[in-house]
*Asks:* 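I have a structure here, written as structure tokens, and I will follow up with some questions on it.
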There are 2 protein chains.
Amino acid sequence: MKKPTISDLAKAAGVSVTTVSHAFSGRRHVDPETCKRIERLADQLGYHPSGMARALRSGRTGVIALASSMPFAVAAGPSRLGFLMEIAASAAMSALTRDLALCLIPPHPTAPSYGTASFDGVILVEPMLDDPLIQHFEQRRTAIVSIGTVPGRPDIPSIDLRSHETACLLLNHLAEQGCRQIAALLGTSPRTSQIESADAYAAFVAQHGTQARLIRLEEEDAENTAYRQMLDVLRTDPAVDGVFASIDAFATGAIRAAHDTDRAIPEKLCVVTRYDGLRAKLSQPPLTAVDLYLPMVAEKAVELLLNQIDGHKHSVKSDLPKLIIRASSQKRGS
Amino acid sequence: MKKPTISDLAKAAGVSVTTVSHAFSGRRHVDPETCKRIERLADQLGYHPSGMARALRSGRTGVIALASSMPFAVAAGPSRLGFLMEIAASAAMSALTRDLALCLIPPHPTAPSYGTASFDGVILVEPMLDDPLIQHFEQRRTAIVSIGTVPGRPDIPSIDLRSHETACLLLNHLAEQGCRQIAALLGTSPRTSQIESADAYAAFVAQHGTQARLIRLEEEDAENTAYRQMLDVLRTDPAVDGVFASIDAFATGAIRAAHDTDRAIPEKLCVVTRYDGLRAKLSQPPLTAVDLYLPMVAEKAVELLLNQIDGHKHSVKSDLPKLIIRASSQKRGS
DNA sequence: GGTGCGTAGCAAAACGATTTGCACAAGCAA
DNA sequence: TTGCTTGTGCAAATCGTTTTGCTACGCACC
């Protein structure tokens, strides 16, 4: 009835546990004859080695975690979909091909109690400045890598999301489309993506000698917040002819606002955003966005984390993001 | 440098490991004075109990898994989003409030090697008839619950997704909208949702005395497959005025086909689908679909799994799904 | 007959917690 | 004095592996 252990199996096969262990791991030679017998009996008894015992002995659980301190509602979008989940799905695949399992650990209100589970390492998605998750895992001596650099912590290995380049791509594209008065909708949280977007925007307006219209928005209920703000902006500041949104839901909110104030897109107002998710693709009109190569980023993060766990300090660089031009900013003839 | 263990802490505090253990667990009384001292020292040394050791001793890892034997591309949609990920996000939340972590285990091509990680239990999403995952976890004596009943295995505890009722809701809605010649686009896999949809459809056409048009489609590259099939159907069978799609991507494929054959939606052709995900919501026109209450389903699945792990045979019932009528089937004035 | 070497196997010590049974007080009643 | 309880603490067993050191045998080579 109970699960057979290695010593049950050893007893049944008339050998010692050592021999059974070696038979499976191949760390030492055991007689092929004996090997066969052990395997046959293992099958018969339904023996499977205990992951917990193995973990204790080897110090490896075979589990890595994926965490984001962003509220789930934001990270995963209104329908629990989006950025984080796209990374999660890719990372889970990458992890499994390396015989690892991927744990999803959401930011719980009453955290950091974070259960009893222990991980070999953790991938943090766009952590903030002084993110409590970092403190949590550093205390536990858990290997950390980050997707997106960590503000103020260049020592933490990360996959650079190239947010500066991304912002430049989008802003230059707007300029090429003839936009002169560009508003930026950025989140308030101190994450690299927002910081670099703000920097790029500041540099852009300085270079073009145009007026800065930097609008900081809370990321909760992003679409509605952006909608209300943009309604206001479009009414009081009719010169605005471009919107650079750092979060896809900001962009769709802006589109709704444009619609309600009778601004034709893209003729009167171009809207572009950063993350090319389902939201951007299915928006009406579809949103110009940037392919961040998230599956590749996730794959590299897993790779980097494994190096980190093994103590190698190997560094990993990610490819440059690529602009995907769609109807929300593509003017005729250009 | 190394992580302090319980005996390091005991030594530092001048007590035995037993006392330290009790101080934290509260399983026996220890002097409040001693308690304070231990806690202070634990903080100072940065002591955190090892999850692995605890798991070995207690037989609980504190980790549950979420698995689907559906290819990820299908379960999660073309952009790695959708049904499975929505469940995953909700389940992760529910799990954490119970001090559990949720592991995502994708169906790997070279499975079932499934790493070394061990789980207290597993939630299977819409398993098929004779699903290899079931065999895998039963062999390991891992507690199983299923989202959607398991065909041929009424003994496995599950959250019934009410696919029969869902299909009826959709078919009756189409009938009310005046559709007489309804085609059904169903997947080929032997999952309860497809089986019950087929049954409901058969009963429906029998009752209404209309012609059955049951089209079975592979779930790989669902949208394109459905698009091509429906193109064919709409050309050769112009009487068709309704489409019942069991998978959201089938529905969007059908919409594209309707568009390319100049069928106005919903006037000439009504399209409805089952899962009310982002795809259905953002489709043009938006798709009539069914709210399956996935967050609630995920929550109940976690609850059921915990009961299962503890040996309680508590059963859980899910609420009835609710129809969400949208433009893809809503005719004027009705 | 010593020396060296390859093969096959075992016993025991980790890994780091939890839990059980026991010990030694002090306090109080009979 | 004995008996009983309550408070406090410890030593040792346990969970199921992996890994290290050791034995023992057989065979060949100087």
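What you see is a predicted model, and the numbers here were worked out from it, not measured in a lab. To find a chain, count down the sequence lines: A is the first, B the second, and so on, and within it residues start at 1. Atoms considered below: every heavy atom in the structure, side chains included; atoms not considered: hydrogens, waters and symmetry mates.
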*Asks:* As a test of reading the structure: which of C:dG9, C:dA17, D:dT18 is closest to the side chain of A:V30, going by heavy atoms?
*Replies:*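 In terms of side-chain proximity for A:V30, the closest of C:dG9, C:dA17, D:dT18 is C:dG9.
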
*Asks:* Once you apply a heavy-atom cut-off of 4.0 Å, does A:T34 come out as touching a base, just sugar-phosphate, or nothing?
*Replies:*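 Sugar-phosphate: the residue A:T34, judged by heavy atoms under 4.0 Å, touches backbone atoms but no base.
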
*Asks:* Quick one: A:H22 NE2 to C:dA11 P, roughly how many Å, whole number?
*Replies:*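 About 13 Å, once rounded to whole Å.
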
*Asks:* Does A:S50 or B:R28 map to a spot on DNA chain D nearer the 5' end, using the closest nucleotide for each?
*Replies:*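 Here B:R28 is the residue nearer the 5' end.
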
*Asks:* For the NE2 atom of A:H48 and the OG atom of B:S118, what is their distance to the nearest 0.5 Å?
*Replies:*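 Here the rounded value is 12.5 Å.
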
*Asks:* Any side-chain donor paired with an acceptor under 3.5 Å for A:D160 and A:T149?
*Replies:*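 Result is no, nothing qualifies.
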
*Asks:* If we ignore angles and hydrogens, is there a donor and acceptor under 3.5 Å between the side chains of A:S16 and A:T19?
*Replies:*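 There is such a pair (donor and acceptor under 3.5 Å, judged by atom type) between the side chains of A:S16 and A:T19.
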
*Asks:* Can you measure B:R60 atom CZ to C:dA17 atom C1' for me and round it to whole angstrom units?
*Replies:*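 So the CZ-C1' distance, B:R60 to C:dA17, works out to 16 Å.
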
*Asks:* Of the candidate nucleotides C:dG16, D:dC10, D:dT18, which contains the atom at the shortest distance from the side chain of B:R57?
*Replies:*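 So the side chain of B:R57 is nearest to C:dG16.
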
*Asks:* State whether A:H29 places a side-chain N or O below 4.0 Å from either non-bridging phosphate oxygen (OP1 or OP2) of C:dT7.
*Replies:*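 For C:dT7, neither OP1 nor OP2 has a side-chain N or O of A:H29 closer than 4.0 Å.
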
*Asks:* Using heavy atoms to find the nearest nucleotide of DNA chain C for A:V17 and B:P4 separately, return the residue whose nucleotide is more 5′.
*Replies:*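 With A:V17 and B:P4 compared, the 5'-side residue is A:V17.
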
*Asks:* Ignoring hydrogens and geometry beyond distance, is a side-chain donor-acceptor pair present between A:E126 and A:S193 at under 3.5 Å?
*Replies:*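 Yes - a donor-acceptor pair under 3.5 Å links their side chains.
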
*Asks:* Quick one: is D:dT18 close enough that its OP1 or OP2 comes under 4.0 Å of any side-chain N or O from A:S21?
*Replies:*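 Result: yes.
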
*Asks:* OP1, OP2 of D:dG16 versus side-chain N and O of A:T5: anything below 4.0 Å?
*Replies:*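 For D:dG16, OP1/OP2 do not have a side-chain N/O of A:T5 under 4.0 Å.
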
*Asks:* Check the distance between C:dA25's P and B:D31's CG and give it to me in whole angstrom.
*Replies:*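 Checked: the CG to P distance equals 17 Å.
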
*Asks:* Give a yes/no answer on whether the side chain of A:R54 brings an N or O atom under 4.0 Å of OP1 or OP2 in D:dT18.
*Replies:*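 Yes.
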
*Asks:* Taking the minimum atom-to-atom distance to the side chain of A:A53, which one of C:dA17, D:dT17, C:dG16 wins?
*Replies:*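 Closest nucleotide to the A:A53 side chain: D:dT17.
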
*Asks:* Between the side chains of A:S90 and A:E299, is a donor N or O closer than 3.5 angstrom to an acceptor N or O?
*Replies:*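 Result is no, nothing qualifies.
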
*Asks:* Does B:R27 have a side-chain nitrogen or oxygen under 4.0 Å from the phosphate oxygens OP1 or OP2 of C:dT19?
*Replies:*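 Yes, such a contact exists.
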
*Asks:* Could you give the NZ-to-P distance, from B:K11 to D:dG9, as a whole number of Å?
*Replies:*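 In whole Å, D:dG9 P and B:K11 NZ are 19 Å from each other.
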
*Asks:* Would you call A:D31 and A:R37 a salt bridge, taking side-chain N to carboxylate O under 4.0 Å as the test?
*Replies:*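 Answer for the salt bridge query: no.
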
*Asks:* Would you say B:S7 reaches C:dA17's phosphate, i.e. side-chain N/O to OP1/OP2 under 4.0 Å?
*Replies:*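 No.
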
*Asks:* Using whole Å, report how far CD of A:E33 lies from P of C:dG9.
*Replies:*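 Those two atoms, CD and P, are 10 Å apart.
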
*Asks:* How many Å lie between OH on B:Y47 and C1' on C:dA17, as a whole number?
*Replies:*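 My rounded result for the distance is 7 Å.
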
*Asks:* Output the rounded distance in Å from CG (B:D8) to P (C:dC15).
*Replies:*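 Distance check: B:D8 CG to C:dC15 P gives 10 Å.
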
*Asks:* Below 4.0 angstrom from OP1 or OP2 of D:dT18, is there any side-chain N or O of A:T18?
*Replies:*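 Indeed not, no polar side-chain atom of A:T18 lies that close.
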
*Asks:* Heavy atoms only, 4.0 Å cut-off, all strands: where does B:F24 land among base, sugar-phosphate and nothing?
*Replies:*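 The residue B:F24 makes no contact with any strand.
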
*Asks:* Measuring to OP1 and OP2 of D:dT18, would you say a side-chain N or O of A:S58 lies under 4.0 angstrom away?
*Replies:*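 Negative; the distance criterion is not met.
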
*Asks:* Can you tell me the distance, in whole Å, between the CG atom of B:L56 and the P atom of D:dT18?
*Replies:*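 Interatomic distance, CG of B:L56 to P of D:dT18: 12 Å.
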
